[in-house]
Every structure is written in structure tokens, then in C-alpha cells.
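Note that the coordinates shown come from a computational prediction; the quantities given were computed from them, not determined experimentally.
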Amino acid sequence: MDRIPPGRVLAYGDIAEMVGRGGPRQVGRVMSLFGGGVPWWRVIRADGRPPACNEVEAHEHYRAEGTPLRPDGRRVDMARARWLPDLS
């Protein structure tokens with residue numbers, strides 16, 4: 001998670017795919033238990049919604065980092081904000 005650049009995001013499922021194990025729920029569980037020391041707001045639901053329990057704080061980070069939001073202002077614009085890491 002700390003490799004995701006400011007203003008960019010990945011979905012829980014993206015992380016699971018990169019790791020090659022589990023799925024979005026497992027990534028969410030790990031994040032909820034151990035994600036406090038990393039930029040957790042950069043890992044979100046595939047529809048662009050931030051973690052439900054920390055929405056206000058996540059939006060503060062999105063504004064500070066210039067993360068693209070959808071017109072409703074409540075969700076991240078995944079088409080513009082999704083980070084595509086170079087895995088080579």
C-alpha cells in the first residue's frame with residue numbers, strides 16, 4: 001500500500017490479484033487489522049467508495065492529494081485514479 005502514489009488508488013480486488021491469493025474480502029480484513037501504518041485510504045472498493053468506517057478522514061486525504069473524484073464527490077473516479085503498477 002505504501003507504494004501507491006499520492007492521488008492514486010487500488011481496489012481491494014486489485015491487491016488480491018497482485019498478491020495472487022485470496023480476494024477482496026481477505027485484503028479488507030488484513031487492512032482492517034494491520035493497515036494503520038500505511039496509506040489505507042488509497043485502497044478502496046471497486047466502485048470508488050472509501051472504507052465505510054473512515055469516509056470523512058479518507059476524503060480529507062483525497063482532497064489533500066488531489067485524488068480524482070466522481071461528479072457526486074463521494075466516490076473516487078476509478079478510471080482516472082486507479083494506479084497501474086509496473087510489475088516487471
Sub-3.5 Å donor-acceptor pair from the side chain of R42 to the main-chain atoms of V9, do we have one?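 Not at all, since once roles are kept as given, no pair shorter than 3.5 Å links the two residues.
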Do any N or O atoms from the side chain of E65 and from the backbone of Y62 form a donor-acceptor pair under 3.5 angstrom?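 Checking the backbone N and O of Y62 against the side chain of E65, no donor-acceptor pair under 3.5 Å is found.
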Exercise: identify the closest heavy-atom pair between [X] and [Y]:
X: P50; Y: A58; value: CB-CB, 3.8 Å
X: A81; Y: V76; value: CB-CG1, 3.5 Å
X: R82; Y: D14; value: NE-OD2, 2.8 Å
X: L10; Y: M18; value: CD1-SD, 3.8 Å
X: I44; Y: P51; value: CG2-CD, 4.4 Å
X: H59; Y: G73; value: CE1-O, 3.4 Å

Got a second to check how far R70's CZ is from R75's CZ, nearest 0.5 Å?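 Going from CZ on R70 over to CZ on R75, the span is 4.5 Å.
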Do W41 and E60 pass the side-chain hydrogen bond (donor to acceptor under 3.5 Å, both in side chains) test, and can you show the C-alpha distance, the side-chain angles, and the key distance before you say yes or no? CA-CA 10 Å; W41 58 92; E60 291 171 5; over 6 Å; no
Start with the C-alpha gap between R74 and E55, add the side-chain angles, then the distance that decides, and say whether salt bridge (charged side-chain N to carboxylate O under 4.0 Å, His left out) holds. CA-CA 9 Å; R74 296 172 45 201; E55 282 186 65; 5.9 Å; no
Contact check, side chains of Y12 and R29, non-hydrogen atoms, under 4.5 Å: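 SC-SC contact between Y12 and R29 ruled out.
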